Number of protein chains: 2
Amino acid sequence: MPVTIRDVAKAAGVSITTVSRALNGYSDVGEKTRRKVTRIAEELNYRPSAVARSLVMNQTRTVGLLVSELTKERAGHYFMFQVLYGMHDRLAELGYDLILVSTTTARQRLVSYLDFCMERRLDGVIVMGIRLDDPYIQEVVDSPLPSVVIDLPLLSDHCGYVMTDNVHGAKLVIRHLAGRGHRKIGFVNGHSQAAVSRDRKRGYEEGMLQAGLGYDDTQVHEADFTLQGGADGLKHLLQCHPDMTAVFFASDLMAIGGLQYARESGIRSPEELAIVGYDDIELAEFSTPRLTTIRQKRSEMGMRAAEMVVAMMKDHAAPQGVLLAPELVVRDTT
Amino acid sequence: MPVTIRDVAKAAGVSITTVSRALNGYSDVGEKTRRKVTRIAEELNYRPSAVARSLVMNQTRTVGLLVSELTKERAGHYFMFQVLYGMHDRLAELGYDLILVSTTTARQRLVSYLDFCMERRLDGVIVMGIRLDDPYIQEVVDSPLPSVVIDLPLLSDHCGYVMTDNVHGAKLVIRHLAGRGHRKIGFVNGHSQAAVSRDRKRGYEEGMLQAGLGYDDTQVHEADFTLQGGADGLKHLLQCHPDMTAVFFASDLMAIGGLQYARESGIRSPEELAIVGYDDIELAEFSTPRLTTIRQKRSEMGMRAAEMVVAMMKDHAAPQGVLLAPELVVRDTT
DNA sequence: TCTTCTTTCCAAAACCTTTTGGATTTTTGT
DNA sequence: ACAAAAATCCAAAAGGTTTTGGAAAGAAGA
């Protein structure tokens, strides 16, 4: 049904070789024939079949986006959407397409992640929102497929990563709070199955020690990145430490949950309790009071991941670990 | 490099025809050979090439997701992510893959949307977050490619749609507010380039008239679905109508913006001002006070879209217009 | 035993492109 | 005007699968 290269060749009175080379800008085709071919291709509305091309070139120019948290649980969406945006945009610029691969669907549970990529002959994979305990993680690292992971420091022969320097980000928070005179600072962390949680906790700990405030395990509470988790975390922390004057949350969503709990409990922020989040999602700027937080360059994360995976696929570049600098955004809650 | 059907055939001592038919469950292959072939295929870790298959079968089992709002502007993300989830999940179940097509990238501006779909030989398209004034809209309708549009009542030979009954949803809100005794009800709408805005406004108007409250154009304000827009809209409405006791926002995000403006202005909700949103995004349940809103079955929207497009592609089913029922969720702001 | 179905298998064509290795024509150098 | 070099073109192979139209072998019926 669709018009093929043969149709164009016939209409132009040349061989299909010539059509191919004319349209692809090779130098061994005369100027007049080239113009004729392009004109006719235009007229016939010829679109070269990407699948035929993929078959012969042995590359699909497609990268898979493996996201395990594409589930009903929505905690990560605020963060992920914009990473996705930057990633897709840069990939499109580089001439690659993005195909969704979810580990949570029924089909994926049967066909393994790797099988899927092999069958589709994906050129590379970007992994996002994966947990440390995800069974697919080993597959990714072991696979010969070029891959880059977001927010997980996985470095191997075929696997790079890009993430924000979470240790540094957390330290920025503590330094800021200490500078404001806070001595007793709590920390509501995300679940331990996220690499970022580990790093942010380390940053919190080191930051506290460096500020001379000491590290106390009971001032740390592990939640799950959700609004509710943030509220519960704050409640718990304040029960143990009624004299706490500042709390650092490992995500904006949790911080907002905390903010709401505080308001319901009649605790004013920042007067009675300073609150800091992490991520700088859109909502952070519009909460009342406006949330102090750590900004992650989300769309840049996506772009860097895209660039790296393309470099690996195209130029056989070596995978690297990219650490982006976080940025403290001071607003009203501190 | 990867193992092909030829390798399997050779190893099993049969023809490639037999391998193909054995693996695809045809009846004209003996039980013992079938077992042998499957065993060997397993051993060799054979994965049939989807691209070769696509070429010969003339179908890619891939549908494109055309989303024009995959931009830095984040207003729709809270809504779209979960539609995407339902859509992808159902598509995967049905054996189809989802590929992202954005109209906002540099590449798409050169190569038209249709060209992209043709080149990739997509079997179908789902369109989401598109505006009434989007230039691609005509392409979609005219295209012979099976397509279904979300939140835009576009029905043609090859194009169906699924959306929530927004007229009814808005009426539910007005009826609810009128039942609570409100007489002067404002409306902060989304931008006029969204079909949903048109419908929700109609629902508001009809609702007001049916409740005997009359329709007054100055009680309606057009915003843009953003937090800031909601805040500004409420401010404007209250300036014109200080005696307004209830405001209906065409999205939760705007309602939350309104809620925040109200709080900053010392206006308590629901005591002094009832507020209703639309969408029932996660945040609605966690705002203070918790937001009364209209629930859209977002993941069901995605699923229905997926099912329809597959039916059109596979069984040549006729496109339909699907209207899902909205649902009033009463919380604390009314 | 001979014919007629079944069952089981396979060679070859088809899908649409790119690339290889040469062939043919034109231009350049002398 | 002749050899060499450059420019322009093309036939055929390759890529990995499905499907078509038979062929070969075995079983059933006479």
Side-chain angles (χ1 to χ4, degrees), chain A residues 1-38 40-41 44-62 95 115-123 314, chain B residues 1-38 40-41 44-62 95 97 115 117-123 314:
Chain A
M1 192 62 196
V3 32
T4 76
I5 199 173
R6 238 178 220 90
D7 303 322
V8 179
K10 202 162 295 173
V14 296
S15 76
I16 60 172
T17 307
T18 303
V19 176
S20 174
R21 300 184 79 83
L23 261 31
N24 289 327
Y26 281 70
S27 61
D28 67 343
V29 38
E31 201 44 50
K32 58 196 175 303
T33 30
R34 155 164 291 129
R35 269 199 298 270
K36 184 173 185 182
V37 167
T38 35
I40 294 203
L44 295 184
N45 214 358
Y46 168 64
R47 303 289 160 212
S49 157
V51 8
R53 182 180 283 157
S54 293
L55 182 59
V56 66
M57 309 246 300
N58 203 31
Q59 54 154 331
T60 52
R61 293 194 81 89
T62 302
D115 290 345
F116 182 92
C117 298
M118 291 284 91
E119 284 189 10
R120 303 276 333 192
R121 298 296 193 262
L122 299 185
D123 291 343
K314 235 182 40 170
Chain B
M1 192 63 194
V3 31
T4 76
I5 199 175
R6 238 176 220 91
D7 303 323
V8 179
K10 200 162 297 174
V14 298
S15 75
I16 62 172
T17 307
T18 302
V19 175
S20 174
R21 300 185 77 84
L23 260 32
N24 290 327
Y26 281 70
S27 62
D28 67 342
V29 39
E31 199 45 49
K32 59 196 172 303
T33 32
R34 157 165 289 129
R35 269 202 296 271
K36 184 173 187 183
V37 167
T38 36
I40 294 205
L44 295 185
N45 214 357
Y46 167 64
R47 304 289 160 212
S49 157
V51 10
R53 182 180 284 158
S54 293
L55 183 61
V56 65
M57 310 248 298
N58 203 30
Q59 53 152 330
T60 53
R61 293 193 82 89
T62 302
D97 298 324
D115 290 345
C117 298
M118 291 284 89
E119 283 190 11
R120 302 282 328 197
R121 299 293 193 264
L122 299 185
D123 291 343
K314 237 182 40 174

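Owing to the predicted nature of the structure, the values given are computational and were not obtained by experimental measurement. Quick note: numbers below take in every heavy atom, side chains included, and nothing from hydrogens, waters or symmetry partners. Below, chain A is the first sequence line, B the second, and so on; all start at residue 1.
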**Item:** Side-chain touch Ser20(A)/Ile5(A), heavy atoms, less than 4.5 angstrom
**Value:**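 Of all side-chain heavy-atom pairs linking Ile5(A) with Ser20(A), at least one is under 4.5 Å.
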How close or far is atom [atom2] of [N] from atom [atom1] of [X], stated in whole angstroms?
X: Glu119(A); N: dT17(D); atom1: CD; atom2: C1'; value: 13 Å
X: Lys10(B); N: dA11(C); atom1: NZ; atom2: P; value: 12 Å
X: Asn24(B); N: dT20(D); atom1: CG; atom2: P; value: 13 Å
X: Arg120(A); N: dT17(D); atom1: CZ; atom2: P; value: 14 Å

**Asked** With a 4.0 Å cut-off on heavy atoms, is Val14(A) in touch with a base, just the backbone sugar-phosphate, or nothing at all?
**Response**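 Answer is sugar-phosphate: Val14(A) comes under 4.0 Å of backbone atoms only.
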Tell me if a side-chain donor or acceptor on [X] pairs with a main-chain N or O of [Y] at a distance below 3.5 Å.
X: Ser54(A); Y: Ala50(A); result: yes
X: Asp123(A); Y: Arg61(A); result: yes
X: Arg121(B); Y: Met118(B); result: yes
X: Arg53(A); Y: Thr60(A); result: no

**Message:** Out of the candidates Thr38(B), Val37(B), Val8(B), only one should pair with Tyr46(B) under the side-chain contact (heavy atoms from CB on, under 4.5 Å) rule; please name it.
**Reply:**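 Going through the options one by one, the only one that passes is Val8(B).
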**Prompt:** Under 4.0 Å between a side-chain N/O of Thr18(B) and OP1 or OP2 of dC10(C), yes or no?
**Reply:**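 Yes, within the criterion.
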**Asked** Are Tyr26(B) and dT19(D) close enough that a side-chain N or O sits under 4.0 Å from OP1 or OP2?
**Response**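 Yes, because at least one side-chain N or O of Tyr26(B) sits under 4.0 Å from OP1 or OP2 of dT19(D).
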Nearest heavy atoms of [X] and [Y], plus distance in Å:
X: Ala12(A); Y: Ile40(A); answer: CA-CD1, 3.6 Å
X: Ala22(A); Y: Val29(A); answer: CA-CG1, 4.0 Å
X: Leu55(B); Y: Ala52(A); answer: CD1-CB, 3.9 Å

**Prompt:** Restricting to pairs with a member in residues 1-27 of chain B, which pass salt bridge (charged side-chain N to carboxylate O under 4.0 Å, His left out), not counting sequence neighbours?
**Reply:**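 Every pair satisfying salt bridge (charged side-chain N to carboxylate O under 4.0 Å, His left out) with a residue in residues 1-27 of chain B: Arg21(B)-Asp28(B).
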**Item:** Bend angle of the helix from dT1(C)-dA30(D) to dT30(C)-dA1(D), end axes from five pairs each (to 10°)
**Value:**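 Roughly 40°, once rounded to the nearest ten degrees.
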**Prompt:** Given Thr62(A) and Arg120(B), is the side-chain hydrogen bond (donor to acceptor under 3.5 Å, both in side chains) satisfied, shown in steps?
**Reply:** CA-CA 11 Å; Thr62(A) 302; Arg120(B) 302 282 328 197; 3.1 Å; yes
**Stepwise side-chain hydrogen bond (donor to acceptor under 3.5 Å, both in side chains) test for Thr18(A) and Arg34(A)** = CA-CA 8 Å; Thr18(A) 303; Arg34(A) 155 164 291 129; over 6 Å; no
Grab the N/O contacts between the protein and nucleotides 13-16 of chain C below 3.5 Å, and write none if there aren't any.
none

**Request:** Report the distance from atom CZ of Arg35(B) to atom CD of Glu31(B), rounding to the nearest 0.5 Å.
**Result:**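 CD of Glu31(B) is found 5.0 Å from CZ of Arg35(B).
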**Asked** Going by modelled atom types, is there a donor-acceptor pair between the base of dA11(C) and the side chain of Thr17(B) at under 3.5 Å?
**Response**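 Indeed, a donor on one side and an acceptor on the other fall under 3.5 Å apart.
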**Item:** Selection: residues 29-37 of chain A, any non-hydrogen atom under 4.0 Å of DNA chain D
**Value:**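 When residues 29-37 of chain A is checked for heavy atoms under 4.0 Å from DNA chain D, the hits, listed by number, are Val29(A), Gly30(A), Thr33(A).
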Kindly give the atom pairs (protein nitrogen or oxygen, nucleotide nitrogen or oxygen) under 3.5 Å for nucleotides 22-25 of chain D.
none

**Request:** Measure from the side chain of Arg21(A), starting at C-beta and using heavy atoms only, and say which of dC9(C), dA11(C), dT20(C) lies closest.
**Result:**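 Nearest to the side-chain atoms of Arg21(A), counting from C-beta on, is dT20(C).
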**Prompt:** Which residues pass the salt bridge (charged side-chain N to carboxylate O under 4.0 Å, His left out) test with Arg47(B), sequence neighbours left out?
**Reply:**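 Checked Arg47(B) against salt bridge (charged side-chain N to carboxylate O under 4.0 Å, His left out); matches are Asp115(A).
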